[in-house]
Enquirer: 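Quick one: this structure, given as structure tokens, is what I'll be asking you about.
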Amino acid sequence: MPEAGSPLLLEIGLGILMLLVFFVGLFTPGEDRRRVGVLTAIGLVILFGFSWRAEAGAELFHGTFVQDELALFAKRLFFLATLIGVLASLPLRAAAFARRATEYYLAILASLLGMLVLSSARDLVLLFVAFELMSIPLYYLAGFLKREPEAVEAALKFFLIGTVSSAVLAYGLSFMYGIAGTTDVRGVAHALGAGHPMLLLGMLLALGGLGFKIAAFPFHMWVPDTYEAASTPFVAWLSVAPKAAGFVVIFRLYLEGMGDRVLYWVPAAAALATVTIIGGNLMAIPQHNVKRLLAYSGVAHIGYMLMGFAAVSANGAAMMLFYLVAYLFGNMGAFLVVEVVAQSEGSEAITAYRGLAQRSPILALCMLLFLLSLGGIPFVAGFWAKLYVFWAAAEQGLYWLVLVGAVLTVVALFYYLLVAKRMYIDAPERREPVPVAPLLAFCIFLCVLGVVVIGIYPKPLVVAALRAVGPLF
Amino acid sequence: MAPVSALSLSSFPVLSVITWSPFVGALLIMFLARRSALLVRWLAVVATAVPLVLSIAIYVAYDREAAGFQFFEDVPLVPALGINYQLGVDGLSLLMVLLTSIIIFAGAWASWTVKVRSQEFYALLLLLVTGVYGVFVSLDLFVLFLFYEIAVLPMYLLIGIWGSTGEVRPQGVFGWAFGRTGVGTKEYAAMKLTLYLLFGSAFILVGILALYVAGDSSSFSFLEMELTQFDPKLQSWVFLAFYVGFGILAGIWPLHTWSPDGHASAPTAVSMLHAGVLMKLGAYGVVRLGMGLLPDGTLQWSWLVGTIACVNIVYGALSAMAQTDLKYVIAYSSVSHMGVVMLGAATLTEVGLNGSVYQMFAHGIMTGLFFALVGLVYEKAHSREIFRMGGFARSMPGIATAFTIAGLSSLGLPATAGFVAELLTFLGAWQSSHAWWLFPAVIGAYLTAIYVLRVTKQIFWGPPSTDPHFQNLPDARGPEWAALWILVAVIVLFGIWPSLALGPVDTATMPLLNRLWVLQ
Amino acid sequence: MTLQAYLTLAAMLFCIGLFGVLTRRNTIGILLGIELMLNAVNINLVAFARFLGDVSGMIFTVFTICITVAEVALGLALVILIYRIRRTAVADHLDLLRG
Amino acid sequence: MSLESIAFWALAVVLLASALAVVLTRNLFHSVLYLALALTATAGVFLSLDAEFLAAIQLLLYAGGVVTIVVFAIVVTERLVGDRITQTSRQIAAGLGIAGALLVAILAIFRRAPLTVPRPAVSGDLTRAIGQSLLTTYVLPFELLGVLFLAALVGALYFARPDD
Amino acid sequence: MAASGNFALWAWLAPALSFVLLSLIVPLRRSGKAAAWLSIVLSAGALVAAVSAWRASVPDMARRMLWEWIPVEDGVLTSVGVLADADSTLMLILVALVSFLVQVYSLGYLADEPPASLGRYYTYQSLFAFSMMGLVLAPNFVQLFICWELVGLCSYLLIGYWYARPEAARAAVKAFWVTKAGDVGFLIGIVMLWSRTGTFDFSELFEMAQGGSDALTGLGLVMFCIYLGAAGKSAQFPFHVWLPDAMEGPTPVSALIHAATMVTAGVYLLFRTAFLFEQAPEVLAAVGWIGAFTALFAATLACVQRDIKRVLAYSTVSQLGYMMAAIGAGFASAGFLHLLTHGVFKALLFLAAGAVIHAVGTNDIFGMGGLARRMPQTFVIFLVGTLSLAGIPFFGGFFSKEEILGATWAGGLTVPFAMLVAAAFLTAFYMFRVVFVAFMGAPAGSAAHGSGPGGHDAAHAHDAPAIMTVPLWILALLAMVIGVGFARSHPEAEFVAPDWLTSLAVGAALGGIVLSAVVYALGWISPAWIFRRLAVVGDAAMERFWLDDFFALLYRRGILELARIVGWVDRYIVDGVVNVLSAWTLTLGDRLRRIQSGQAQDYVYGIALGVLLLMVWMRWPR
């Protein structure tokens, strides 16, 4: 459809990229198909570039597909995250990544396609399909190392929980459709005015289903297992992109065009945020495996983002987006460092970080920066993120929530500092520096750059986020 | 000459230079002085000397007639949220800046003997100092909070890496908890201190946000908030938030327990800086933000502040008396003296508040000197067990003399800075609406006399210890003297010439009090 | 028959499916439970569509059915893989990862 | 008691019964067969809702496809294991509690807000309508569905393939 | 008259100069002798300045010089400076004189100290002279308190001069703590007074008192607090316990600080602020009673001491009691007069005793004996001092003591008067006990252990070198001169003493002399016999009436025990709670982690529960 070309440009381009990857992979002789990854990376770079060219405002298919500021913001975020994830995957050691590169990158791209569409879907059907398209590849990406029992087990758990929760989601969506009488999200928002209990039931069920995707507290339980078992670069990506998509869906379903009915969600969101923050932080304390620790801390961060949701205001949503970006850099960076250390030490235990500061100070400093950013310390991105969501919540009058959040930040710092202690205080067992694959180094550098730049000069990002949530309210 | 130099100073951003030069020093140390320990030290000395000189300069140049905030700097940071990089000093912060620069300059000399990873040590130390300066000079609550966090965090590594593990405490009522948390180790102390203070900062943040949201002018600027009248109920709980938040750093009872462990485990310079300056930072916060912005809240809660301060004074002194580890004695004495600071502030009288500020300064210098000396003694004798040492005055007369002077200042002996502070505080206490505060305060001073002289007699001015490995210990030498004599000189100077400090301070405290008295 | 009746039926089916998911030991059994839940969704959708006289619900159903099939395919592949590696598909035994 | 209500009740009974059987029988094969029955009953429900097209899909894709795959999977796995798979249940009480509570909650909401929508007459050919909107309004999800299948199949193949 | 202030200022600054020089120029201090001479020269200068200040001063005409010290928004909170009038300059002379003589004397007494510590000694000495003069010249309470504390510090430092000796170190802190305890009261008093009157300045307060300002009515509590300070410094009962122990310091120090000047500061304070105390007669009465009691009490203690310095110390306490009694009776000038004379002859006595100790090498009078022949000069000098202390006519102490007796009688304090008479009797007795035991009779065998410098013994003791004897002679002559001078011309007293008073006083003194002669010189009665008669008092006196033990108990079982308890509470309760909370957080995390059982279906439970709770929660609000 030519007239629809421009808004769908990114999606179509991605489709083409997928085809390219597919065929190149098909016709690549031998056991090593890494070139596919390179191709993917290049393609993503190009698309990322295009995503800055795309202009907002277009609607397609009777407004079921919108290319608004929010969608664009989200898409750029997805591209960035995926790009980093792909680049970081290139130097992966396991043979499967060489031989089965096609499947790997194809799956990533498929999921990415799902996210892209999801971020601009304004129709329940489209939303559900895109949601599934995003999820299904993740299931087997999680189990990509199919020789390792843990990986497969993690994949299976992920799959089971995922399907159940998507069933819950679909069930909720069915109610929404039934009461609203249309699959158009705006219709739903309009119908909520009547406040029909069944509609509310549907939206709560849907919230549960989405809660799984964003890993809010009671729905989070797949997270640590999956993170621990799956390959780290993928986890880094998994910990950011799908969650972001989930939040975009939440925006679309619960905030967009709701007017002052949004206030209805405050108790739910606040409750979710509280339990998520508390649960995530507390469960992170006793972890010995860095990836599990980051997983739980990630859950806690979702809680902080939910504070932004609980604020149900333009500021709240914007600060949530800001938080997402900060979290992207901080969390992915941390995971990449984990990958580096794991490659050299062969262990993901916290003890593997003993004396890292004396072995390779730069790497340790990067890790410290990421941890501090996650902990919310000034002059790195995470601080502003936390501060802004607090600020938004405070505006909504949720001072108690702010206090809970702030106090549990201290708990979070406890376990982050434990890692810092390993790196800086403990004495190293071996002296020689940790070898870093150049690509990984580059990705880590990107993340540090992001963390520090945002930390020092957050203004542009704030403005962008505020502009992105403009159409919602 | 004052106005002239004021002009010449106001032409360039002196406060920024003071604040950031240690930071620059830290960067230089990290990147330039790769493996030359000596270069590191000299860089540190220079990076701390520049602020010292400048702060003395602005101290002289400060126009007391004009009063108010001077050397003003204002750069918009995040206009969208009304966050500005806004600096300025009045008499109060002026004195604090001076204190900081003196202490850290002495600290740079005192930690001359740090051998292990000295590069990182000095870098972190200087970073910390930047944070401290920043808190004192920034007029934008938000920026203030940023600096506050910077001032707290490096402490973790500083204590964790270079600290010393004290005696692990025996089982008690909550023995299991002590085992679980690893009480006594330096890691424990570092973690406890850092988390405790960050816990406090949580309250501060909430308070600041509350004011920001409540204030009609959507700005974090202190000056604009000062003009807004906040609703008394809000003021009430925000003041409590500030009191708890900053009070933790000021070591108010019963939230003080981080300080003995932390200060005892910290390396010399860090103890000096932390006990000498950071605790004042807490008191400063209570006075500047709490009393400055929330007159109603202050009037509602001054009774609590003062009463707890009295508890601090007596309780701190008694616990200090109970210690057997020299560093713990000093740490607890800080708890006791911070009580005097808070008491003076709580009296809401001119003399009382001046005394409080003066005590901030006096105690800063004095406790800095104390920790420097303890560090020296520990370095020479490798012991902190008071009752194992003895008669050191013979082998290290210099250290003994300095220690005695510090002790006399801490027990408020005239001709030392401590006396002026305590006299003023006492006068204020008796004038305040809770006259009985005077008695715990004076009794605390007397208890101080008891434990300080007890320790001094035991370690220095007493029969020599029979322990063989205390034979022929060296006295302080070289750079260490610098640290000692700078501080001793300041103590005596401000002891015999109080108007030196009280002049500017008064210009800062009176407006603040006038705002309060209007409401009374 | 009223819409209420269909919805109730669907709800029951959904909860039965959930019950199966919660209680079945064998992974395949769990999958079957999930199937039931999705069926409930379908019934809901169709019933609503019918009573609204609106077609989009039906289409939604088409999609859900297809997606379900895809999921089942993937799931069963996973199950077989698990069997191959672990020689079991009893969900309780799959707890290498915990804590 | 009209005819269609009789049909509905019959279908409902069959459906629920077979569903319960699915989640309760010890023999995995049997539960699969019961599932097939339940799916067929669902198709019947669709018919009773005048959705012939969907009923057809239901029979083909589900009762046909799914069940076949499942049976196939069971066979494969049993060959892998070497003996029959017994199917037991765990924590029945807890499961019952949760599921029951959820059901109660949902039904409570139903009661609080009864829907009394009249059943409109069938207008035109639903199948054609479905086909049309599939290719106009819902063309994007339709295409995505293709991608989804591709992805799922790739994944399934990757997992199922015994080599490497 | 303007000069008076300047002279006083110079007198004050001279020792300050020497202190600054000695403390800053380290090599000078460590050189010992040079330091000593510097200090001596400057204190000589101070003496000259003091004398000229006195001569320049005229009665009832005060000269003030003030410098702002602590500013407040509206004006000055307090200032420092000089308040020079007849009385203060007279006291100034005493201080300057004694400290000059003592410094000279010390040069001989501490001849064989290592130079470094000799330098330390003279540094302290200068600091003391400076602070004491500052105290004397203080124009207001604050400066007085400052110098008050500083002289206390000097006494602490000088008592602990031989800190290697455990007793010395202990005595030093004891002295500081006890006097400081009094100062707590003093400080509280000052604060209260200020918040009533809004000033610290003596002159302003005096004008208030003259004008009968009602700010000064009902000063009872305030003045009593201030008196506590004086009682601490001037070793009034029960604060007197520190003074005897203070004898651990070098003897010249005892002469200067613990006999002539510092301990009299309390008396001087009361004399200075008498106009305030008159506002609170009840306090004055208390002062009188306590003073008289102290006088008698200390006298009894002095009778049983073997250590010559302790005898003198208790006699000092007792004499201070006399002065206080006079002030309590409302005739401060009488007390002040006795202060001056006592300053002279008590310094004399101490220095003489020092010479003896220096020669003999022991403090124990029973370790001496027969020194009159070997140390004739010292004997004569000591005798002069003893006679004036006993209050024999034509000697220094006679007139001032009689003044005091008369004052108490005129003040209507009959019982205290009786006590004082009894004390006078005892004074004569114990002083001549010393004379007879130490100087008459046969020399005891070589003394066992020497506590003073030098390990000589009584057998071949000899007079001290000139550098020590010359100051002694000067003081002795002065004592005589004062006595004779007063005998020639009474300064007219503000009260009429009964005519039988003189005979009574002299009689008491002579009685004491006779008795001690009977007991110790002639040996008609053995001391043991007396003790058996007075067993109760005797034993109690031997045990110092258990007061020291009581204070020690208060310190150990009271303060230290309390401290131990608080320390325990802090460590295990206050801090314990913190640790418990953190430990609980850790444990909670562990427990919570258990729900992550690793079994997929439990995770599904999570989802189902989550949805359920969400629904329940959302139905609550409405």
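Atoms considered below: every heavy atom in the structure, side chains included; atoms not considered: hydrogens, waters and symmetry mates. In what follows, chains are A, B, ... by sequence order, proteins preceding strands, each numbered from 1.
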Enquirer: Flag the one option from C:L38, C:T68, C:V21, C:I67 with the top tally of heavy-atom pairs under 4.5 Å to chain A.
Expert: C:I67

Enquirer: Give me the atom names and distance for the closest heavy-atom approach of C:I85 to A:K146.
Expert: CD1-O, 2.9 Å

Enquirer: Would you please go through residues 109-120 of chain A and name the residues with a non-hydrogen atom below 4.5 Å from one of chain C, in numerical order?
Expert: none

Enquirer: Taking only residues two or more places apart in sequence or in another chain, which ones pass side-chain contact (heavy atoms from CB on, under 4.5 Å) with C:V46?
Expert: C:M58, C:T61, D:F46, D:L49, D:A51, D:L54

Enquirer: Tell me, for A:P149 versus chain C, whether the close heavy atoms (under 4.5 Å) come from the side chain, the backbone, both or neither.
Expert: both

Enquirer: Quick check for you: to the nearest 0.5 Å, what is the distance between C:D54 atom CG and A:Y177 atom OH?
Expert: 3.5 Å

Enquirer: Name the option with the most non-hydrogen atom pairs under 4.5 Å to chain A; the candidates are C:G33, C:C66, C:A70, C:A49.
Expert: C:A49

Enquirer: Any residues in residues 158-175 of chain A near chain C, with a heavy-atom distance under 4.5 Å, and which are they?
Expert: A:F159, A:L160, A:T163, A:V164, A:S166, A:A167, A:V168, A:A170, A:Y171, A:L173, A:S174, A:F175

Enquirer: Is C:A11 in contact with chain A via its backbone, its side chain, both, or neither, using a 4.5 Å heavy-atom distance?
Expert: both

Enquirer: Could you tell me which portion of C:L45 (side chain, backbone, both or neither) has an atom closer than 4.5 angstrom to a non-hydrogen atom of chain A?
Expert: both

Enquirer: At a 4.5 Å cut-off on heavy atoms, which part of A:Y139 comes close to chain C: side chain, backbone, both, or neither?
Expert: side chain

Enquirer: Determine the option with the most heavy-atom pairs under 4.5 angstrom with chain C, choosing from A:L156, A:I179, A:T226, A:N289.
Expert: A:L156

Enquirer: Side chain from CB out, backbone as N, CA, C, O: work out which of these in A:E153 comes under 4.5 Å of a heavy atom of chain C, or both, or neither.
Expert: both

Enquirer: Would you give the length of the straight line joining atom NZ of A:K157 to atom CG of C:L78, rounded to the nearest 0.5 angstrom?
Expert: 13.0 Å

Enquirer: Taking all non-hydrogen atoms of both residues, which atom of C:L52 and which atom of A:G181 are closest, and how far apart?
Expert: CD1-CA, 3.6 Å

Enquirer: What part of A:L124 gets closer than 4.5 Å to chain C, counting heavy atoms only: side chain, backbone, both or neither?
Expert: both

Enquirer: Please confirm whether A:F128 and C:F60 have ring centers closer than 6.0 angstrom.
Expert: yes

Enquirer: Output a table of donor-acceptor pairs, distance under 3.5 Å, between side-chain atoms of residues 197-212 of chain A and any protein atom two or more places apart or on a different chain; print 'none' if there are none.
Expert:
none

Enquirer: C:A77 versus chain A, heavy atoms under 4.5 Å apart: side chain, backbone, both or neither?
Expert: neither

